[in-house]
Structures are given as C-alpha cells and as structure tokens.
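Worksheet: the structure to be examined is printed underneath.
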Protein chains: 2
Amino acid sequence: MYSIGTLAKRTKVKVPTIRYYEEIGLLPEPERNTGGQRRYDNATKHRLNFVRHARDLGFSIEHIRSLLSLSERPDMPCAEAHRIAKAHLSDIQSKINALTLLADELVRISNHSEIGVLGECNVLASLADHAHCLTEH
Amino acid sequence: MYSIGTLAKRTKVKVPTIRYYEEIGLLPEPERNTGGQRRYDNATKHRLNFVRHARDLGFSIEHIRSLLSLSERPDMPCAEAHRIAKAHLSDIQSKINALTLLADELVRISNHSEIGVLGECNVLASLADHAHCLTEH
DNA sequence: TATAATTCCTCTAGTTACTAGAGGTTCAAG
DNA sequence: CTTGAACCTCTAGTAACTAGAGGAATTATA
C-alpha cells in the first residue's frame with residue numbers, strides 16, 4: 001500500500017488527475033490511513049495505467065468506462081461482452097490504419113537523407129484521405 | 001468554393017469547431033463572399049480532415065501544428081524535417097502497438113462464442129502493461 | 001525528540017479544446 | 001419580395017484536466 005504521490009510517479013499520472021478520476025468514478029475510492037490519506041494497491045495502479053493509455057489513444061472517458069466494464073464484470077453475459085467489444089473494434093482498427101499511414105510517411109521523411117530540402121511531403125495526405133477509414137464518416 | 005456548413009458536412013467537423021480552428025490558426029482565414037460569409041476550397045477541406053483524424057488519434061493541437069509544419073514548408077531543410085518526423089515516430093509506433101494489443105483482446109472476446117459468461121478478460125491488461133511502450137514513461 | 005520540509009487533504013479557480021446559444025444579417029427557394 | 005435556413009460575432013457552458021490557497025499529516029534532519 002502506497003501514497004497517491006507514489007502512484008502518480010509509478011503511472012506518470014498527475015496527483016490531481018488521480019483524484020479527479022476517483023471523483024468521476026473511473027477509479028474506486030481507495031482505503032485511507034489513520035490520518036485520512038489515500039492508500040493504493042497494484043490493482044488500482046493497473047487500472048490507472050489502462051486509463052492513461054486509453055486516454056493517450058484518444059478514447060473518451062465514457063468510451064473507457066465501457067471498455068472497463070468488460071474487465072469489471074466476469075459474470076457479464078457473452079452477448080453483452082460481444083456487443084461492447086464489436087462496438088469498439090472497427091473504431092480501433094481504423095485508428096491503427098491511420099496511424100500506420102502516418103508512421104510510414106514519417107519514416108519516408110526520416111530516410112530522405114540528402115542534404116537539401118524535403119520536396120513534396122505527404123504527411124497531410126496520410127491522414128486526410130478517408131479512403132482508409134472504416135468508420136461511417 | 002462552398003460555405004462553412006457544406007465544409008462541416010463533408011468533414012464531419014462542427015461549424016463552431018471550424019471557426020475555432022481558424023481562430024487558433026490551425027486553418028487559414030478563408031476568403032469571404034460579398035456578404036462576409038466564409039468560402040472554402042478543397043485544400044482547406046483536406047487540411048481539416050487531417051486535423052480531425054489527428055485529434056481522433058489523441059494528438060494535441062500543438063502536436064498537430066508541428067506535423068502540419070512538415071506539409072506547409074516545402075522549403076524546410078531536411079535536418080529540421082527529420083527532427084520533427086523522428087520526434088513523432090516512436091510515439092506513433094507505441095500507439096500502434098497499444099491499439100493492436102487492445103484490438104487482439106477485443107477480437108478474442110468477440111470470438112468467444114459459447115453462450116454463457118465471459119470468464120477472465122484481458123482488456124485491461126492489454127493496455128495496462130508498459131512492456132510494450134516505446135516511450136519513456 | 002523537536003522541527004523543518006515534504007506530501008497530503010479539500011476546495012476553488014484556471015486551461016484546453018471544443019460546443020451551444022443569443023441576437024442579428026445574408027442567402028436562396030418559392 | 002418574403003420567409004426560413006444558414007451565416008455572422010460574441011459570450012457562456014462543458015469535458016477533462018491542472019494549478020493554487022490554506023491547512024493537516026507524514027517523513028527527514030538536527
């Protein structure tokens with residue numbers, strides 16, 4: 001069991017952000033020591049790491065709540081779990097596609113080794129085209 | 001040349017968001033018709049699509065400004081372009097890794113076809129582990 | 001063991017990136 | 001030529017943090 005500051009260091013999530021996640025119910029209310037300070041275990045650290053990564057990947061809090069519900073409820077009926085998993089899959093796959101295109105273009109720029117200028121650059125085109133989107137827009 | 005409403009429909013970006021992007025300098029100030037209304041061309045549409053996708057992928061506005069600078073300046077020296085490209089690459093590659101792990105786990109859940117309950121679920125573990133992170137944290 | 005520095009607490013207010021609404025003007029269909 | 005939709009600017013609200021004030025608890029140092 002460790003303090004909020006220690007948890008913050010281990011997860012690279014800021015202390016006020018941890019308290020904020022608790023407030024909105026993304027993290028459970030932790031135990032408190034005799035002085036009233038929060039004490040955390042590794043289960044919370046694990047959960048917080050998930051939240052942090054998911055946020056970095058552009059998922060909304062509500063999105064994350066839904067993903068967490070898959071982990072939270074081992075008693076969840078398959079049909080419900082499948083519905084949630086499928087609802088997220090195509091979105092995630094189009095994110096992977098878009099990132100891959102952008103990465104390819106950045107690799108091309110990085111490998112463009114002549115001293116001089118870049119010439120035409122397709123970074124913008126890599127994400128601007130909708131041809132590779134799986135979502136509805 | 002078309003209106004802001006048409007641009008909004010074509011890019012799925014809301015009208016006030018387009019005006020906001022203009023205000024913060026992510027989009028150029030567009031031409032205006034005699035009545036003072038904004039008129040857009042496809043170059044702006046292209047740029048806006050890039051911004052929208054990049055935001056969906058969790059990049060900050062400043063991040064996007066830096067990526068756009070690669071496209072904006074065909075006269076940029078290679079060294080500078082390489083620096084920017086490399087600064088973004090490892091971040092993007094770790095995003096791809098994390099998303100792939102999450103997608104794999106969601107596929108596993110989707111294929112788990114017995115009628116009943118889900119049993120143990122590794123959605124949380126898929127993103128909680130730092131083992132696959134390329135970034136420093 | 002005293003005391004000083006650090007970290008914690010709650011609460012309020014500020015920031016980023018939008019998003020919605022008020023009040024008024026311009027456009028475009030009939 | 002009207003009238004309703006779409007546009008304008010400006011202000012205010014929301015989501016997801018982030019920082020700061022004022023004070024209590026903990027930990028490090030003398």
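Proteins come first, then strands; the chains are lettered A, B, ... in the order of their sequence lines, and each starts at number 1. No experiment lies behind these values; they were computed from the predicted model shown.
The two residues A:Ser66 and A:His88 have their closest heavy-atom pair at OG-NE2, 2.9 Å. B:Ser110 and A:Leu89 make their closest contact through OG-CD1, 3.9 Å (heavy atoms, listed as atom of the first residue, atom of the second, distance). Nearest heavy-atom pair, B:Ile61 versus B:Leu26, reported as atom, atom and distance to 0.1 Å: CD1-CD1, 3.8 Å.
Protein atom OH of A:Tyr2 is 17 Å distant from nucleotide atom C1' of C:dC8, rounded to whole Å. Spacing between atom NE2 of B:His63 and atom C1' of C:dT16 amounts to 16 Å, rounded to whole angstrom units. Put simply, CD on B:Glu22 is 14 Å from P on D:dC7, counting in whole angstrom units. One can place CD1 of A:Ile18 at 14 Å from P of C:dT7, the figure rounded to the nearest angstrom. Atoms CD1 (B:Ile4) and C1' (D:dC8) sit 10 Å apart, rounded to a whole Å. Residue A:Glu23 contributes atom CD, which lies 14 Å from atom C1' of C:dC9 at whole-angstrom precision.
A donor-acceptor pair under 3.5 Å links the side-chain atoms of A:His53 to the main chain of A:Asn49, judged by distance alone. Here the side chain of A:Lys95 pairs no donor or acceptor atom with the backbone of B:Leu99 at under 3.5 angstrom.
Using a 4.0 Å cut-off, some side-chain N or O of B:Arg38 falls inside it from OP1 or OP2 of D:dT9. Listed pair A:Arg32 / C:dT10 meets the phosphate criterion, a side-chain N or O lying under 4.0 Å from OP1 or OP2. For C:dT7, neither phosphate oxygen OP1 nor OP2 lies less than 4.0 angstrom from any side-chain nitrogen or oxygen of A:Ser3.
Using modelled atom types, one finds a donor on one side chain and an acceptor on the other under 3.5 Å when comparing A:Thr44 with A:Asp41.
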- Query: Which nucleotides of nucleotides 17-30 of chain C have their base under 4.0 Å from a protein heavy atom (B), which only their sugar-phosphate (S), and which neither (-), written as one string 5' to 3'?
  - Reply: BBB------SS---
